[in-house]
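In what follows, a single structure is set out as structure tokens and then discussed.
First the proteins, then the strands, lettered A, B, ... as listed; each starts at 1.
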Amino acid sequence: MDRVKVATVWLGGCSGCHMSFLDMDEFLIDLAEKIQVVYSPIADMKEFPESVDVTLVEGSVANEDHVELCHKIRAASRVVISFGDCAVTGNVPAMRNPLGDPEKILQLVYVDRADTHPIAPKEAGIVPKLVDRVRPVHEEIDVDYFIPGCPPSSSRIKEALTNLLEMGETHLTGENLRFG
Amino acid sequence: MDSNELMEIKEAQIASAKPIRLRCCLAAGCLYSEGEAIKEALENALEEEGLTDQVEVLGVGCMGLCSEGPLVQVDPDGILYEKVKPSDARSIVAALKGGKATAKIGDLSHPFFTKQVPVVLENSGKVDPERIETYIARDGYQALNTVINELHPSQVVEEVTKSGLRGRGGAGYRTGLKWELVAKTPGDRKYVVCNADEGDPGAFMDRSVLESDPHRVLEGMAIAAYAVGANQGYIYVRGEYPLCIKRLQIAIRQARNLGLLGSAVFDTSFNFRVDLRIGAGAFVCGEETALMASIEGRRGTPRPRPPFPAESGLWNSPTLINNVETYANIPLIIRKGAAWFSSMGTERSKGTKVFSLAGKVKHTGLIEVPMGTPLRVIVNEMAGGAPDGGKVKAVYTGGLSGGCIPAEKLDTPVDYESLVQIGAIMGSGGMIVMDETDNMVDLAHFFMEFCVDESCGKCVPCRAGTVQIYRLLDRILNGMGEDGDIAKLQELSEMVKSCSLCGLGQSAPNPVVSTLRYYRNEYIECIHKNPKRNGNKNAVKAAK
Amino acid sequence: MSFSAIDSALPSSVMGGDSRYKLLETAIKRHQSQSDALIEVLHAAQEIFGYLDTDLLVHISKNLKLPLSKVYGVATFYHFFSVSPRGAHTCVICMGTACYTKGARKLSAAAEKISGLKVGETASDGSLSLMTARCIGACGIAPAIVMDGKVVGGQSEEMVTEQLKGWIEDGF
Amino acid sequence: MSRQIIIDPVTRIEGHAKVSIYLDDSGEVNSARFHVTEFRGFEKFCEGRTLWEMAGITARICGICPVSHLLASAKTGDKALAVSIPPAAEKLRRLMNLGQFTQSHALSFFHLSSPDMILGFDSDPATRNVFGLIAADPELARKGIRLRQWGQEIIELLGAKKVHPAWAVPGGVRQSLTEESREQIRSRIPESLATAREALGICKRMRERYPAESESFGDFPSLYMGLVGANGEWEHYSGSLRVVDHLGYRVADGLSEDNYKDFVGEASENWSYLKFPYFKPLGYPGGIYRVGPLARLNVCDRIGTPLADRELQEYREMLSGAVANNSFLYHHARMIEIIAAIEGIERLLEDDDVCSHHLRAEAGINRLDVVGVSEAPRGTLFHHYHLDEDGKVLSANLIIATGQNNLAINRTVEQIAKRFVKGPDIAEGMLNRVEAGIRAFDPCLSCSTHAAGRMPLSVELVASDGEVLRTITRD
Amino acid sequence: MAVKTLTIDGRLVSAMEGQTVLEAAQEAGIHIPTLCHLDGVSDLGACRMCLVELGNSPKLQPACVLKVAEGMEVRTNSDRLRKYRKMIVELLLSERNHVCSVCVSNGHCELQDMAVELGVDHSRFDYIYPVERVDITHQRFGVDHNRCILCGRCVRVCDEVEGAHTWDMAGRGAKSFVITDMNQPWGDSTSCTSCGKCVQACPTGAIFQKGATVGEMQKDRTRLEFIVTAREKKQWIG
């Protein structure tokens with residue numbers, strides 16, 4: 001049997017969900033027999049593959065690179081899963097939203113708070129422009145399943161993946177849905 | 001005050017009237033367009049011409065055809081001058097002696113006038129709202145006299161029940177039934193409240209009635225108070241209507257001075273005091289439980305019903321709440337009888353209804369027609385259809401809680417049931433006409449902006465749901481809509497409608513539901529304008 | 001319902017016999033200091049003082065024997081009442097349906113553009129307040145606006161801009 | 001004509017970044033830059049939050065070293081309350097931090113860097129990852145996974161969550177260990193130590209196996225900064241800051257975090273969301289310094305636990321000078337630190353205080369301008385809050401380990417690029433070395449700003465006027 | 001008082017006249033979700049979580065204020081109700097800035113519990129991200145308007161149980177917010193008795209004990225219940 005092609009990506013988040021993924025520990029070894037990681041920040045593939053079975057998206061949509069990557073993911077993935085609270089709700093990165101214009105925040109951090117050489121990062125093609133409003137992934141693309149949590153515990157991730165691999169779908173219920 | 005004195009006032013007033021009267025509209029629309037100045041100019045012109053013995057100038061209430069205002073009508077010959085300017089005064093006076101007036105002369109044979117059946121508006125434009133005598137001269141307060149002196153309260157209730165009158169505030173609840181309920185509920189203290197918090201966008205019937213004929217409403221309330229056993233009344237009137245407030249204050253004072261309100265009305269043991277409560281800019285206070293909260297000096301937030309006001313209203317006492325037009329019908333029902341009243345209208349909707357016409361029609365203003373009049377007659381004949389060669393696209397009735405009626409359905413008669421059947425409601429009587437240039441998504445957006453602004457914030461569906469509906473509409477209108485948005489709108493609308501605490505929330509989605517029902521294509525067109533639509537989430541998924 | 005009255009000293013304007021407070025006393029007395037008459041008293045206070053500042057609301061709470069938060073809650077529920085001063089000039093754009101269908105939104109956009117304010121805001125120098133109203137009842141002359149209390153009808157974007165420009169240039 | 005190579009995303013680091021390599025007309029590397037491409041704005045949106053939430057919020061900066069932020073923030077909070085926390089609380093905080101050192105260092109080595117070292121820098125990029133390691137050496141992989149798990153478990157047993165426990169608080173900690181938990185941790189010490197020693201062994205052999213790499217992965221003089229204990233011993237939680245130069249000379253000693261602004265400055269660049277802290281007395285960009293395992297071993301006199309001290313001694317003997325000036329040695333230093341951490345954990349567990357219930361000092365706000373410091377696995381971390389009288393944050397400044405390595409990482413990238421990247425055909429392995437050089441620092445870009453990559457790795461041929469002439473893409 | 005018999009979810013239940021459907025259901029062990037309801041204070045029927053279906057009526061009624069009646073047929077858990085409740089929770093989550101992960105009430109929050117109960121795995125509605133204040137001027141307590149769901153429990157418990165009426169609701173619609181006294185800093189409130197009932201009454205992390213860190217704020221409803229029982233039933237020992 002072909003292994004299920006899995007991608008994990010990471011947008012505006014802290015990597016905690018990926019860490020929680022790794023916290024499945026020795027189950028990862030079992031998992032390696034069933035899945036093939038075809039794209040991930042912990043692997044070296046540089047381009048998102050053209051066809052993926054399942055993509056786990058950690059993080060919120062916070063800059064224009066994320067927007068572009070989201071659409072690429074949706075176009076290439078059979079199943080897209082919002083992975084963790086940032087992807088599901090916007091969570092902590094979205095705390096900047098009530099402050100309004102991100103340019104003002106950049107000004108504070110890089111110009112006002114610099115001891116020397118104050119300049120707000122802007123180089124085109126290098127540092128992506130921030131979107132006005134950080135948003136959850138499903139506001140940008142259609143999302144099939146949601147794994148909330150900050151981060152979702154490894155047992156929650158395990159359950160979601162097991163369901164998906166065994167039954168082809170993964171609607172979490174009960175305590176497994178708790179945000180935060 | 002007794003019946004004889006009332007007759008004396010009436011006769012004295014009739015006797016004092018001069019042979020020719022220039023009735024000068026001083027209701028809000030005309031007043032804002034120099035109504036006072038016109039009246040003054042006319043008086044000056046009469047002075048100059050030495051006609052003050054034979055001609056008098058009366059400041060009167062609304063004559064209906066607001067779009068052609070300011071209006072001046074000559075009584076008794078009936079000539080109606082439209083769009084009068086103070087500079088026209090001299091020629092109007094001259095015309096009394098055979099000259100030619102510079103002002104435009106209105107066509108009184110136009111259906112706008114001929115198809116009207118004035119019941120509530122019988123005195124509008126005829127009496128001076130600031131002089132009680134002019135009301136009494138037209139049989140004012142006679143019904144109250146009859147009721148107090150000749151009828152048992154239960155007979156009054158019966159008469160109202162028999163008339164088939166239904167609440168004119170919107171829902172169409174049977175007025176007699178409501179009265180009966182309050183009358184039957186035991187309580188040391190009962191209240192009668194007049195809901196004059198007319199807030200629906202595009203509705204100005206109540207304002208007009210109060211500005212033009214305030215005593216009629218006071219009389220109706222007094223009759224109601226007698227019927228249900230109340231001694232205290234409140235009129236809750238919009239703060240946005242300063243002229244109404246002023247005229248009501250004058251009217252209450254005058255009626256009290258004559259012993260028609262206050263203690264010992266008509267020298268009987270019946271006491272009825274009326275106080276004004278001035279709204280402070282909250283649409284939700286038109287909802288009866290919110291209105292009562294506001295009268296009690298609290299935040300105007302509604303509470304769940306039951307208990308209904310009839311059982312537990314103001315200060316937990318039985319309370320009768322009717323709207324302005326409902327009360328305004330009462331004196332005539334008593335005077336002319338329930339049978340007369342129920343001879344007008346349709347099987348289940350009796351009497352007449354006042355409508356305010358606004359939007360894309362030639363003649364905007366106020367009309368009163370028998371229930372059951374087809375919309376087509378009102379919109380195309382009376383209001384003259386769309387102006388500037390346009391085409392009527394739809395009529396929006398019932399204000400916020402109503403719905404739109406597409407041009408194809410203009411043959412629908414205006415009565416409670418027929419309108420509900422096509423997804424609109426009678427509502428309080430606001431009628432907004434849209435033409436082909438109007439975008440229905442924009443209309444829904446306008447109404448929803450209103451709802452967001454006016455939601456009291458107490459219950460979640462209305463407070464947060466309307467905001468989300470508004471955001472969706474805003475997105476669609478601005479060309480940022482997505483394919484799933486219409487379904488989302490419908491789902492939200494259904495929830496807000498089913499779950500909101502009060503009428504405001506329950507009807508808030510109506511503009512969306514009703515425009516979606518008939519003009520879904522306009523929504524789709526807007527969504528298709530989204531430049532990013534091909535890259536949007538649903539499109540991408542579909543392309544997979 | 002009980003109320004722990006606040007005994008803090010009233011502002012000097014009250015103690016100093018500000019004549020406006022006397023007017024307010026009269027209004028309160030007219031309603032026999034009934035707590036139910038809060039909205040009537042607020043109407044009176046707003047009329048006398050132009051807006052309802054905290055001291056004034058505290059004064060009203062005390063006189064009507066109402067909790068402070070209740071008075072503030074009521075004062076901010078109703079759009080007629082303002083807890084901050086209005087501008088020296090006010091421009092109220094009617095958003096009634098008749099006015100709306102005849103382009104009221106364009107008028108408000110024009111007013112926002114020339115004044116740099118958003119509807120509902122007062123200029124920081126206190127020169128101008130921009131507001132909207134629900135139907136002022138001047139449907140016959142739509143679109144209508146109320147400039148410093150005077151209703152003017154048949155407005156265009158240019159007319160609004162012109163008038164506001166005058167105010168802005170003149171300052172107060 | 002010049003060319004620009006962009007490596008995007010840089011993978012197998014904590015957080016994503018890009019690298020630009022600029023080639024001159026002859027195909028030689030002219031310069032290279034390391035870009036961090038994401039920004040979240042913690043410093044701004046923390047304004048208005050309460051002091052007591054800061055630990056929980058700032059922990060969300062990073063999912064790998066949330067404990068570092070938790071501790072730095074709690075320590076800043078201790079100062080705001082002006083309390084000294086109960087001894088048990090300090091011991092427990094140390095325990096959690098050592099648990100974190102273990103898991104984070106294990107992650108850095110086994111999950112992220114070992115694929116290069118074990119499978120080879122030029123091995124197939126499709127399998128050059130932890131799953132490739134699982135396939136190639138399942139036993140080693142399992143050991144690595146279990147070592148990290150043990151570290152995470154310590155965090156979980158204390159803080160109820162492996163990632164983002166909200167446990168350390170201003171004034172102390174919320175919970176101590178149960179006796180069972182203490183035993184559970186203790187029982188796996190031997191296994192963990194064995195794995196750590198095995199990994200250290202691998203690291204020791206790396207210099208021989210990859211001589212070219214070890215010479216060029218950030219081999220240059222710089223300053224080093226880190227905490228040291230009262231007696232100059234290795235420190236990860238408190239103590240004072242020491243700065244040494246490339247020869248081991250103490251440039252500054254006994255520095256307090258309170259005065260960090262006197263010796264740490266921050267600069268910004270147009271091309272990175274990661275700021276550039278520099279040693280202030282030397283100015284920008286001359287004030288280049290390194291933090292983290294390499295620096296900590298350079299600044300301390302000794303570690304203070306027997307096994308680790310033995311390894312430190314051997315390590316120092318191996319070095320040509322008094323200090324290590326080569327970033328390749330970060331791996332080696334990191335493994336020594338794991339051993340130090342395990343020994344430290346063992347020692348702490350012997351103390352019954354770890355099961356104490358006297359854990360928290362309570363007080364109101366007593367100081368308004370407060371700075372806290374801790375050693376994160378990848379280096380010194382500063383939290384600086386300005387509070388109002390009620391404890392609301394008026395402003396926050398966070399200086400993070402990887403930021404402090406930013407200048408050094410940039411220099412490393414350039415050094416490696418100049419050594420390995422040669423036109424006209426750019427082999428994948430050449431570029432992987434550039435990334436591996438970054439991995440040596442175990443950068444935590446989520447901390448600094450958090451980054452995410454997007455575009456494929458591409459080599460762009462750029463004309464001098466900036467026009468892209470040709471793009472070569474690597475899968 | 002007369003006993004009324006009604007059916008709730010097909011079960012025959014008897015209740016005293018004057019009791020609400022919610023009380024009757026609770027006594028019968030039938031769970032109806034609530035948010036603005038708080039035992040011991042008056043009910044508003046505002047959150048709409050407890051809406052139930054009645055007989056053939058299309059109108060939904062809030063169980064917390066609906067009085068039992070003879071022969072009443074109540075359904076508390078239809079698909080339709082669950083769908084609406086779920087939407088209401090989504091609306092609440094998107095209305096203000098509820099960042100569960102860093103909230104003092106994370107794990108002990110009634111809104112969060114409700115999301116779990118109703119299977120809310122994300123909100124379909126746009127997050128509004130309003131600018132809200134945090135007030136920690138009070139010596140012992142704080143209020144974070146970002147997490148307020150405007151249920152008004154604090155207002156009622158302060159008025160009806162403590163009798164201070166420090167809290168009330170100001171503004172209107174989506175711009176409503178709870179205030180202390182004249183919308184002044186809580187610490188400046190002259191009426192607040194610092195009793196802390198509002199803290200215990202608040203269903204989310206909006207009102208909290210100062211010093212509470214993330215996830216640490218656990219509301220203790222039993223203390224409130226104790227006071228209410230003691231007052232109403234003159235019963236001090238359970």
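- In this structure a side-chain-to-backbone donor-acceptor pair under 3.5 Å is present from E:Q112 to A:F179.
- Judged purely by atom type and a 3.5 angstrom limit, A:R133 uses its side chain to pair as donor or acceptor with the backbone of E:Y127.
- In terms of heavy-atom pairs under 4.5 angstrom with chain E, the leader among A:T173, A:D85, A:T89, A:V88 is A:T89.
- Using cut-offs of 30° and 60° for the angle between ring planes, the E:H122 and A:H138 rings count as perpendicular.
- We find the OH-CZ distance between E:Y129 and A:R96 to be 10.0 Å, quoted to the nearest 0.5 Å.
- Minimum heavy-atom separation, E:D121 to A:L177: CB-CD2, 3.5 Å.
- Options A:G90, A:P98, A:G100, A:G149 differ in how many heavy-atom pairs under 4.5 Å they form with chain E, and the most are formed by A:P98.
- Looking at A:R178 and E:D113, a side-chain N of the basic residue comes within less than 4.0 Å of a carboxylate O on the acidic one, giving a salt bridge.
- Contacts with chain A (heavy atom to heavy atom, under 4.5 Å) involve these residues of residues 93-106 of chain E, listed by number: E:L93, E:N97, E:V99, E:C100, E:S101, E:V102, E:N106.
- Contacts between residues 130-156 of chain E and chain A, defined by a heavy-atom separation under 4.5 Å, are made by E:P130, E:V131.
- With a 4.5 angstrom heavy-atom cutoff, A:P151 does not touch chain E via any of its atoms.
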